[in-house]
Amino acid sequence: MLDIQLLRSDAGHVARLLATRGYVFPEAEFSALEVERKRLQTSTQEMQARRNAASKQIGNAKARGENVSPLLQEVASLGDELKEAEARLDRVQDALQHLLLQIPNLPHSGVPVGSGEVDNREVRRWGTPRSFDFEVKDHVSIGEGLGLLDLQAAAKLSGSRFSLMKGGLARLHRALAQFMLDIHTREHGYEEAYVPYLANAESLRGTGQLPKFKEDLFEVPRKRNEPETSLSGNSEPGSDNDNLYLIPTGEVPLTNIVQDEIVGLESLPIRLTAHTPCFRSEAGSYGRDTRGIIRQHQFEKVELVHIVHPSNSYDALEELTGHAEKILQKLGLPYRVMLLCTTDMGFAAAKTYDIEVWLPAQGAYREISSCSNCEAFQARRMRARFRNEKGKPELLHTLNGSGLAVGRTLVAILENFQNADGGVSIPEVLQPYMGGLRQLKA
RNA sequence: GGAGAGAUGGCCGAGUGGUCGAAGGCGCUCCCCUGCUAAGGGAGUAUAGGCUCAAAAGGCUUAUCGAGGGUUCGAAUCCCUCUCUCUCCGCCA
């Protein structure tokens with residue numbers, strides 16, 4: 001969420017910045033609502049002040065044993081009028097809030113202005129893609145060839161975009177998550193967390209998935225033992241249901257830990273990591289990556305979250321990105337780091353680095369991690385603050401990144417370390433997690 | 001699933017219709033005293049808004065005592081609904 005003060009004082013500037021992201025800020029609607037809000041708020045509060053003063057008088061008069069009926073008459077008419085004014089103000093505030101929740105974050109000044117993927121800027125590259133003296137297979141052929149990947153069975157169980165792995169492949173998948181967690185906790189100073197995989201609407205709103213990207217989430221209805229009172233008045237437009245949502249990323253629970261908190265300066269920075277499943281309905285990407293396990297409804301990720309003092313957040317972004325890169329380096333997987341342009345960034349991000357791993361079968365670098373500084377955008381939504389040097393509450397900055405997406409890392413290993421005989425070599429750092437196994441063989 | 005108790009400021013905790021944004025304590029900040037330390041004395045210390053002001057300071061004002069609704073001129077306090085926490089029983093990985 002953007003600072004409403006900024007919108008009030010400099011809507012034009014904000015609109016121009018948002019335009020670079022391809023977002024059209026409804027300036028006219030906003031200012032109309034603001035005018036209305038100001039009018040209603042002033043008059044409503046004036047009425048409230050009058051009522052409060054009168055009530056105080058009545059109290060005093062009663063204490064002195066005086067007759068209060070003339071005073072009562074004075075305020076008698078105020079009630080209904082006030083109630084209606086309050087209701088109208090509420091509606092306008094809700095509309096403003098709704099509008100505000102739809103607006104993406106402002107891009108940081110260092111972010112290249114662009115109109116799509118082609119305008120992302122390569123920042124650096126690590127490793128050299130291996131040259132093969134045999135025809136490379138993609139991860140599906142490799143996995144199925146080994147008899148360890150069964151997408152048909154997954155489709156039977158659940159549908160498309162699910163996967164079933166067995167034997168050494170399933171173990172390699174598990175090994176990867178363990179390896180990543182160990183590196184981040186032992187070498188990068190993260191605290192490991194175990195978190196809920198279902199989150200409420202408030203949390204999803206905090207990190208920015210709701211209300212705008214509801215269709216990308218799996219919503220889990222709560223069983224209610226209420227009879228057929230579906231017309232109960234609590235379904236007003238502004239209010240949220242109490243359904244739960246399968247988390248689309250570990251960012252949601254990890255970041256929302258500071259929701260509605262004022263943390264002490266001494267506890268910063270907070271660095272958390274967790275291995276979680278992620279669930280995405282992938283609405284709107286029906287044609288993309290239909291083959292294989294690149295894009296799934298369910299996948300595993302090791303998430304990195306930093307919660308920091310605003311003055312450090314861009315240093316933290318560099319560090320966090322470096323932590324994710326370290327995993328690829330240790331695994332020996334070639335990658336490049338891309339600075340995303342304005343239109344390619346996620347809703348909540350002010351600046352994002354994507355890490356893309358080399359996939360030989362595609363002959364391309366593919367996203368395996370996305371590291372973002374959200375500045376105060378999420379913190380404002382979830383009222384996450386710290387007590388600053390002067391003892392005043394101030395919004396935190398939040399960052400998140402994948403360190404890494406486990407399924408895609410598995411794909412990269414299969415493809416980059418495949419052998420002519422159809423087997424796959426296991427990276428040295430993972431061998432201890434595989435009981436010393438050095439290869440997956442048919 | 002059954003029975004009961006509770007939710008108040010950074011923390012603990014008092015408060016059953018008016019002068020309560022809220023006693024008291026802890027913590028924290030500033031000041032004083034004490035030739036060190038310890039102790040002591042005083043003052044201050046919630047959050048989010050609105051209006052005013054060129055801005056800062058200040059002033060005026062609104063809301064907030066788990067959440068939402070209701071009663072009332074007036075609600076932390078009374079009523080209703082919900083959420084969460086704790087205790088006991090049952091069930092369960």
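Each chain gets a letter, A, B and so on, in the order its sequence line appears, and its residues count up from 1.
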Under 4.0 Å between a side-chain N or O of A:Lys392 and OP1 or OP2 of B:rU45?
no

Report the distance from atom CD of A:Gln97 to atom P of B:rA48, rounded to the nearest whole Å.
15 Å

Tell me which of A:Ile4 and A:Glu86 sits closer to the 5' end of RNA chain B, going by the nucleotide each one is nearest to.
A:Ile4

In this structure, how many angstroms lie between the P atom of B:rG74 and the CD1 atom of A:Ile58, rounded?
8 Å

Quick one: A:Gln45 CD to B:rC51 P, roughly how many Å, whole number?
9 Å

A:Asn60 side-chain N/O to B:rG18 phosphate OP1/OP2 under 4.0 Å:
no

Quick one: look up who B:rG18 pairs with, Watson-Crick or G-U, both distances under 3.5 Å, and put none if it's unpaired.
B:rC73

Applying a 4.0 Å non-hydrogen cut-off, can you work out what A:Arg385 is touching in the nucleic acid: base, sugar-phosphate, or nothing?
sugar-phosphate

Do A:Lys56 and B:rG18 have a side chain to base donor-acceptor pair shorter than 3.5 Å?
no

Please work out if A:Arg37 contacts a base, only the sugar-phosphate, or nothing of the nucleic acid, heavy-atom cut-off 4.0 Å.
sugar-phosphate

Taking atom C1' of B:rA48 as reference, at what distance in whole Å does atom CD of A:Gln5 sit?
11 Å

So, is A:Lys83 near the phosphate of B:rG69, with a side-chain N or O under 4.0 Å from OP1 or OP2?
no

Side-chain N,O (A:Arg51) to OP1/OP2 (B:rU61) below 4.0 Å:
no

Quick one: A:Glu394 CD to B:rU47 P, roughly how many Å, whole number?
13 Å

Any A:Lys38 side-chain N or O less than 4.0 Å from OP1/OP2 of B:rC51
yes

Check this for me: does the side-chain of A:Gln41 come within 3.5 Å of the base of B:rG49 through a donor and an acceptor?
no

Separation of B:rG66 C1' from A:Asp260 CG (nearest whole Å)
11 Å

Hey, which sits more toward the 5' end of RNA chain B by its nearest nucleotide, A:Ala63 or A:Ala54?
A:Ala63

What is the distance, rounded to the nearest whole Å, between atom CG of A:Asp90 and atom C1' of B:rG68?
12 Å

Interatomic distance, A:Met47 CE vs B:rG74 C1' [rounded to whole Å]
17 Å

